[in-house]
Undergrad: 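First the structure, then my questions, so here it is.
Please read these numbers as outputs of a predicted model, since none were measured by experiment. What's counted below: heavy atoms across the whole structure, side chains too, no hydrogens, waters or symmetry copies.
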Protein chains: 2
Amino acid sequence: MATMKDVAERAHVSTATVSYVLNGTGTVTLATRQRVLSAVAALNYQPNHAARSLRTRARTLGLVLPPGPAGLGDPALAELVAGLSEAAATSGYYLLLAPSGDRPEYELGADLARTGRVDGLVLLDLRCDDQRAAHLVAAGVRCVGAGAPDAGTPCPAVGLDLAQGAADATRHLCALGHTRIAMIALPTDLADSEPFYQGFVAALAASGREADSALIVEAGTSQDDGFAAMQELLAHPEPPTACLAASDTLAFGAMHALRDAGLEVGRDLALIGCGDLPLAAHTHPALTTLRAPRRAMGAALAHCLIALVERRPIPPATRLPLQLIIRKSTAPPPGA
Amino acid sequence: MATMKDVAERAHVSTATVSYVLNGTGTVTLATRQRVLSAVAALNYQPNHAARSLRTRARTLGLVLPPGPAGLGDPALAELVAGLSEAAATSGYYLLLAPSGDRPEYELGADLARTGRVDGLVLLDLRCDDQRAAHLVAAGVRCVGAGAPDAGTPCPAVGLDLAQGAADATRHLCALGHTRIAMIALPTDLADSEPFYQGFVAALAASGREADSALIVEAGTSQDDGFAAMQELLAHPEPPTACLAASDTLAFGAMHALRDAGLEVGRDLALIGCGDLPLAAHTHPALTTLRAPRRAMGAALAHCLIALVERRPIPPATRLPLQLIIRKSTAPPPGA
DNA sequence: ATTAAGCACTTAATCGGTTAAGCGGAGTAT
DNA sequence: ATACTCCGCTTAACCGATTAAGTGCTTAAT
């Protein structure tokens, strides 16, 4: 493997000069530069990454994958990772994947940063009062969060405009004539939970309705959680005619519960999800949902984190817009 | 950030001794070892990765992501990556994701290896007479391929037992009473194409049938390719009553073509896919398919590549078994 | 003419580890 | 008693880059 020394010898200069040419620093005459560059080309030289990052950065971003059976199998995460890795690559960074296994995420992340293996970290599924972020920032680790930041979030974050999305979805249900509209929420410790709820309530208020707290149920994140939540809603003395689920996965579970109860999704109860997973277009009926630009979110995370790492000004925290995709799971209320 | 020198001072030894303790090499008395270890603990020391890999390995595996809109969005790939990264992590390696963008895959891979950024590479979708593998192996890069290796494959490979899988699927179709069985093949330059075809032909022969070459059409990999392939089969003067598609994606396209032709999948033509993508269970009718253990495949790739990197004997090339998942897209032939 | 400033380089320190070689001292064989 | 071998540790070279400091030369300023 050719080293910088080899290049220097071939170009009859010192390694310092080679380094200056390659990094565009220092002052080098045209003739010398050309000799160096042709030596580089002739030897097919590329600087050793370890040696370089010993003095500078690793040019690597880290992503700690939370444990759990789905992992990267979750299409939403996979898309985000795709956008993240591609945007990072165009800025000369690569993405290191670190499955946390049974170690705490923040611990693994701190190790990766402390050993200089990565320059910064992406935190998935930002929580309210996120302990991982707190630990890492306190340890001097640069990181950005994926999710809606609240006031106390100690690091920059990139999120979806869930308030807008939930409001759009709710307006659509209102426009169809629904008045008893339920909502299945994500766990409130997820940062994305609150703005979604706010958008829901705001849109209801804007159309003269009021949120009925009995029709708002907090669920987990799994399909089973959505199933249970819908069962709870159906047990209500005066059940809703429409429901907004904070994720597609919850909506899928809700659909099962409706089918089990002998109800037809769309005709008997209008249902909207959030995320637009690939499956959403293929359920029966196809799920009306909010499309989340996960790739763009990954890209935005990359840009933000790289700016942070390079001590450049951080791009303003944009909320990425959701798009309502109307399919077959929404219809006017029964008897309307 | 604490360095090894700090640890050495605190334990009143040289950095060499610290290194010996941490790596388990050299001979160190129990007392010294304990002094070192408690200094390490007290300082929360972890060795700098760049410094370490300057002399040894990077303990990093590389995965070059082929260009294309799907990328990691393809669930089959995402699952493989999940298995790969998890298995690598349990052996102390992490996975570096490098989207190739518009650069040739082998070139990017060669760069990553030459710069010492990764110790080895995983090549996706191994081709017949794979040029990437040839280039990389010639350049002294350690790599393993994902896909069925043929005799000339210059590197170890991990693949599915497609011959067995295709045979199982074909037998199932024969058992249902089909005689005119078609096959939609992957591009023949993919290494996985041939064994699938062989399994198909062998199972037909074993049940006394012969493959009709007019019923075997080579397609691309996209849904549109599957669509076109099925149209071609339906244009046949004596169309098939069953069809085995070499991938779920091709099968999805074929289903659309059948629907467009006014035919009902299952009743009018039995269809089997391969891979068992999440969508396969949600098409209408649900697709009978061969379940591919993509996570296990990723894990096997990791084990193989790490063995290669550490110059240990390479695990014997196992073909991972496919499991036939019978759903609703297969039925006896019309009028049987 | 003299000094100062700039240019185009080189020298050498440095990053933080790994590891071959060396070196006392204790234990064993002759 | 002498030599030989291990053991447990240290010294220092080394990995391959970056970069501060230094050097000799040319050119501009006084």
Undergrad: Of all heavy-atom pairs between A:Leu61 and A:Ala88, which one has the smallest distance, and what is that distance?
TA: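 That would be CD1-CB, 3.9 Å.
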Undergrad: In this structure, how many angstroms lie between the P atom of D:dC15 and the CZ atom of B:Arg57, rounded?
TA: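 For the pair B:Arg57 CZ and D:dC15 P, the rounded distance is 18 Å.
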Undergrad: With a 4.5 Å heavy-atom cut-off, do B:Val18 and B:Leu22 have their side chains touching?
TA: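 The answer is yes, as the side chains (C-beta and beyond) meet within the 4.5 Å cut-off.
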Undergrad: Check for me whether B:Arg132 meets the cation-pi criterion with B:Tyr106, that is, NZ or CZ under 6.0 Å from the six-membered ring centre and within 45 degrees of the ring axis.
TA: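 That pair does not qualify as a cation-pi contact.
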Undergrad: Could you check how far CG of B:Leu30 sits from C1' of D:dC7, rounded to whole Å?
TA: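 My rounded result for the distance is 15 Å.
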Undergrad: So for the helix from C:dA1-D:dT30 to C:dT30-D:dA1, with five pairs setting each end axis, what is the inter-axis angle to 10°?
TA: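 It comes to 50° between the two terminal axes.
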Undergrad: Looking just at side-chain N and O atoms, do B:Asp189 and B:Ser193 make a donor-acceptor pair shorter than 3.5 Å?
TA: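 There is no such pair between these side chains.
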Undergrad: Can you check whether B:Asn48 reaches B:Met4 side chain to side chain, under 4.5 Å on heavy atoms?
TA: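 Counting from C-beta outward, B:Asn48 and B:Met4 never come under 4.5 Å.
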Undergrad: With no hydrogens and no angle check, is any side-chain donor or acceptor of B:Asp130 less than 3.5 Å from a backbone partner on B:Leu126?
TA: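 A pair under 3.5 Å: no.
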Undergrad: Got a salt bridge between B:Arg117 and B:Asp111, using NZ or NE/NH1/NH2 to carboxylate O under 4.0 Å?
TA: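 So B:Arg117 does not pair with B:Asp111 through a salt bridge.
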Undergrad: B:Glu9 has an atom CD; how far is it from atom P of D:dT10, in whole Å?
TA: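 Rounding to the nearest Å, CD of B:Glu9 and P of D:dT10 are 12 Å apart.
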Undergrad: Output a table of nitrogen or oxygen pairs between the protein and nucleotides 4-8 of chain C separated by less than 3.5 Å.
TA:
none

Undergrad: Is any side-chain heavy atom of A:Leu97 closer than 4.5 Å to one of A:Leu72?
TA: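 Contact flag for A:Leu72/A:Leu97 side chains = yes.
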Undergrad: Could you encode protein contacts along nucleotides 16-28 of chain D as a string, one character per nucleotide from 5' to 3', using B for base contact, S for sugar-phosphate-only contact and - for no contact, with a heavy-atom cut-off of under 4.0 Å?
TA: BSBBB--------
Undergrad: Please tell me if the side chains of B:Asp161 and B:Leu320 come closer than 4.5 Å, counting only heavy atoms from C-beta onward.
TA: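 No, every pair of side-chain atoms sits at 4.5 Å or beyond.
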Undergrad: Would you say A:Arg311 has more than 12 foreign heavy atoms packed within less than 6.0 Å of its CZ?
TA: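 Not buried by this count: 12 neighbours or fewer within 6.0 Å.
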